[in-house]
> 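Please find one structure pasted underneath; my questions will follow.
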Amino acid sequence: MTFPAFWFCLALIGMVLGAFFFRRLRLECYEEWCRIGSPSAFRVNNNAKQSWFIMRHILAGDFEHLSNRRVVRLGRVLRYYLWLYIIAFCASMALLVFVLVT
C-alpha cells in the first residue's frame with residue numbers, strides 16, 4: 001500500500017466513524033445534536049467555525065455528560081481514533097521533512 005493510499009484509508013475510516021457517531025447522536029440524543037449545530041460527516045456546507053467547534057467537541061470529550069452509554073462509547077472510540085490520527089499524521093510529516101532536509 002502506498003503512502004497516500006494509507007492516509008486515504010485512515011481518513012475514510014475516520015469519516016465512517018464520524019458518520020456513525022453523528023447518526024447515533026441525532027437519533028438518540030437529539031438535543032445535543034442540535035446544540036452542536038446538527039453535524040453530518042458528509043455535509044459539504046459546514047463553515048470553518050462550525051467544523052472547528054464540532055472537532056473541538058469531539059476531541060475534548062464534551063459528549064461524556066450524556067446519559068446514553070452507547071453514544072458515549074462510540075464518541076470515545078472516535079475521539080481516540082482522531083487523536084491517534086492527528087499524532088500519526090504530525091509524526092509522519094515531521095519524518096518526511098527530516099528525510100527531505102537531510
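Everything numeric here is computed off the predicted structure, so don't read it as measured data.
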> Linking I/L/V/M/F/W/Y whenever their side-chain heavy atoms sit closer than 4.5 Å, directly or via other members, would Ile54 and Trp52 fall into one cluster?
no
> At what distance, to the nearest 0.5 angstrom, does CG of Leu17 lie from CD1 of Ile13?
8.0 Å
> Indicate if Phe89 and Trp83 have the same hydrophobic cluster label, given that clusters are the connected sets of ILVMFWY residues with side-chain heavy-atom separations under 4.5 angstrom.
yes
> Membership question, hydrophobic clusters at under 4.5 Å side-chain separation (ILVMFWY): are Met55 and Tyr85 in the same one?
yes
> If only atom types and distance count, is the side chain of Tyr81 paired as donor or acceptor with the main-chain N or O of Leu10 below 3.5 Å?
yes
> What do you reckon, is CZ of Phe3 surrounded by more than 12 foreign heavy atoms closer than 6.0 Å?
yes
> Salt bridge or not for Arg23 and Glu28, using N-O below 4.0 Å?
no
> Where do Trp7 and Ser92 come nearest, in terms of heavy atoms and distance?
CZ2-OG, 3.2 Å
> Check whether any side-chain heavy atom of Leu25 lies under 4.5 Å from a side-chain heavy atom of Ile36, and answer yes or no.
yes
> Does the side chain of His57 come within less than 4.5 Å of Arg79's, by heavy atoms?
no
> Rounded at 0.5 Å granularity, tell me how far CD in Glu32 sits from CZ in Arg26.
15.0 Å
> How long is the gap from CD1 on Ile58 to CG on Leu78, to the nearest 0.5 Å?
4.5 Å
> According to a 4.5 Å side-chain heavy-atom criterion applied to Ile, Leu, Val, Met, Phe, Trp and Tyr, with indirect links allowed, do Ile87 and Leu82 form part of one hydrophobic cluster?
no
> Taking the side chain as everything from C-beta on, heavy atoms only, tell me whether Trp33 gets closer than 4.5 Å to Leu27.
no
> Rounded at 0.5 Å granularity, tell me how far CZ in Arg70 sits from SG in Cys29.
10.0 Å
> Below 4.5 Å, heavy atoms only, C-beta onward: do Phe63 and Val71 meet side chain to side chain?
no
> Determine yes or no for a side-chain-to-main-chain donor-acceptor pair under 3.5 angstrom, with Ser38 supplying the side chain and Cys34 the backbone.
no
> side-chain contact (heavy atoms from CB on, under 4.5 Å), that's the test. Do Thr102 and Phe98 meet it? Break it down for me.
CA-CA 6 Å; Thr102 58; Phe98 177 74; 3.9 Å; yes
> With hydrophobic residues grouped by side-chain heavy-atom distances under 4.5 Å, do Tyr80 and Val16 end up in a single group?
no
> I want to check something: taking the side chain as every heavy atom from C-beta on, are Phe22 and Leu74 in contact at a cut-off of under 4.5 Å?
no
